[in-house]
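Please read the structure below before turning to the comments.
Letters A, B, ... are given to chains in the order of the sequence lines, protein chains preceding strands, and every chain is numbered from 1. Both backbone and side-chain heavy atoms feed into the values below; hydrogens, waters and symmetry mates do not.
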Protein chains: 2
Amino acid sequence: MDTAKQYLIENGIKPSVQRLAIMMYLLEHRTHPTVDEIFNDLSKSIPTLSKTTVYNTLKIFAEKGAILSLTIDEKMVRFDGYNQRHAHFRCLNCNKVFDIPLNHDVEFPKEEATKDFQNIETHVYHRGYCSECTKEKKKIK
Amino acid sequence: MDTAKQYLIENGIKPSVQRLAIMMYLLEHRTHPTVDEIFNDLSKSIPTLSKTTVYNTLKIFAEKGAILSLTIDEKMVRFDGYNQRHAHFRCLNCNKVFDIPLNHDVEFPKEEATKDFQNIETHVYHRGYCSECTKEKKKIK
DNA sequence: AAACAAACTTGTAATAATTACAACTTTGTA
DNA sequence: TACAAAGTTGTAATTATTACAAGTTTGTTT
């Protein structure tokens, strides 16, 4: 709670009730939730919450670098409040997104063709079948 | 042309006129085009082409492993017919997607937590500003 | 404390990528 | 030639996201 507040301030984000709730949600739910999931869950405790606010807030968080927005899912953006280096894995069957250790840094190459590029962020995405789905041979098709 | 035909057959895809045209388009245009770009360009030579066919076809290609579908763009999927190991970079200003050398393989970690995972594909995405946009200081905001 | 502006939130309507689906066409084969 | 399977097409539906204008909250000046 105070951690979340602190964290927002550190990242130059003014902590409103809604922002705090969303940030806390992300810190507590390491499930890479979608806008819909966040909105549905938080609506229970904040009935006046608007989905637009969730969109606006997550956009600001990502712009300020407080969270990551993941495009590992074709349909919708997912969000991640975990700020250590790690990769992601999406199960093609159950669609869950997992944190995966990333042991070596993936650097942006310093080469002639890319030397004037300004790299901001790097993501590593794995896709396949998670242990559950592999075991249960739920691999449709 | 024959290369494309060959390539489709090798990947277990029956080469129709439309499929061949789309595969050739991808081999010739290393621009990571969207469905819309492919559809608009190919419509000129194949006026009867349907956008649904483009969607269907690209989906099959990706499922068969003949092409890559990239989710580096939040709004829409992009496609890549280049099958050597490489990373991607999207410019946050001009939105172009570039191929970037990937010098070291990014392996899926063999650890307790992930040992039963079945990894199918791994993508490395960079986001930032390309050389053009960096130079021209078009970095909005 | 009242007045005011700036920042933030809300709800609805618009946009746009993608999918569903049913009809039509082409291809391969008996 | 006839038929079934596979492929294509166009339209309608779905759905994530954004635009926008009105309402609310917050902080500051007096």
Value in whole Å for how far the [atom2] atom of [N] lies from [atom1] of [X]:
X       : N      : atom1 : atom2 : answer
A/Ile60 : D/dT18 : CD1   : C1'   : 14 Å
A/Glu74 : C/dA16 : CD    : C1'   : 17 Å
A/Asn40 : D/dT15 : CG    : C1'   : 14 Å
B/Ile13 : D/dT8  : CD1   : C1'   : 16 Å
A/Asp73 : D/dT15 : CG    : P     : 14 Å
B/Ile22 : D/dG7  : CD1   : C1'   : 12 Å
B/Ile46 : D/dT9  : CD1   : P     : 8 Å
B/Leu20 : D/dA6  : CG    : C1'   : 16 Å

Output the single nucleotide from [options] whose closest atom is nearest the side chain of [X].
X       : options               : result
A/Val35 : D/dG7, D/dT8, D/dT17  : D/dT17
B/Ser50 : D/dT17, C/dT9, D/dT9  : D/dT9
B/Tyr55 : D/dT8, C/dT10, C/dA17 : C/dA17
B/Met76 : C/dT10, C/dT18, D/dT8 : C/dT18
B/Asn56 : D/dT8, D/dT17, C/dA17 : D/dT8
A/Leu49 : C/dT9, C/dT10, D/dT8  : C/dT10

Distance (rounded to the nearest 0.5 Å) between [X] [atom1] and [Y] [atom2]:
X       : Y        : atom1 : atom2 : value
B/Phe89 : A/Phe108 : CZ    : CZ    : 5.0 Å
B/Leu20 : B/Thr57  : CG    : OG1   : 11.0 Å
B/Asp80 : B/His88  : CG    : NE2   : 4.0 Å

Hey, which sits more toward the 5' end of DNA chain C by its nearest nucleotide, B/Lys59 or A/Lys51? A/Lys51

Counting only side-chain nitrogens and oxygens, does [X] get under 4.0 Å of the OP1 or OP2 atom of [N]?
X       : N      : answer
A/Thr52 : D/dT17 : no
B/Ser16 : C/dT26 : no
A/Gln18 : C/dT10 : yes

Specify the residue among B/Val54 and B/Lys75 whose closest nucleotide of DNA chain D lies further upstream toward the 5′ end.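 Taking each residue's closest nucleotide, the earlier one in sequence belongs to B/Val54.
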
Tell me what A/Thr34 touches on the nucleic acid: a base, only sugar-phosphate, or nothing, going by heavy atoms under 4.0 Å. nothing

Before accepting this row, confirm whether a basic side-chain N of the pair B/Glu74/B/Arg127 lies closer than 4.0 Å to the acidic partner's carboxylate O.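 Yes, this pair counts.
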
Just checking, any donor-acceptor pair under 3.5 angstrom between side chains of B/Asp41 and B/Tyr25?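 Yes - a donor-acceptor pair under 3.5 Å links their side chains.
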
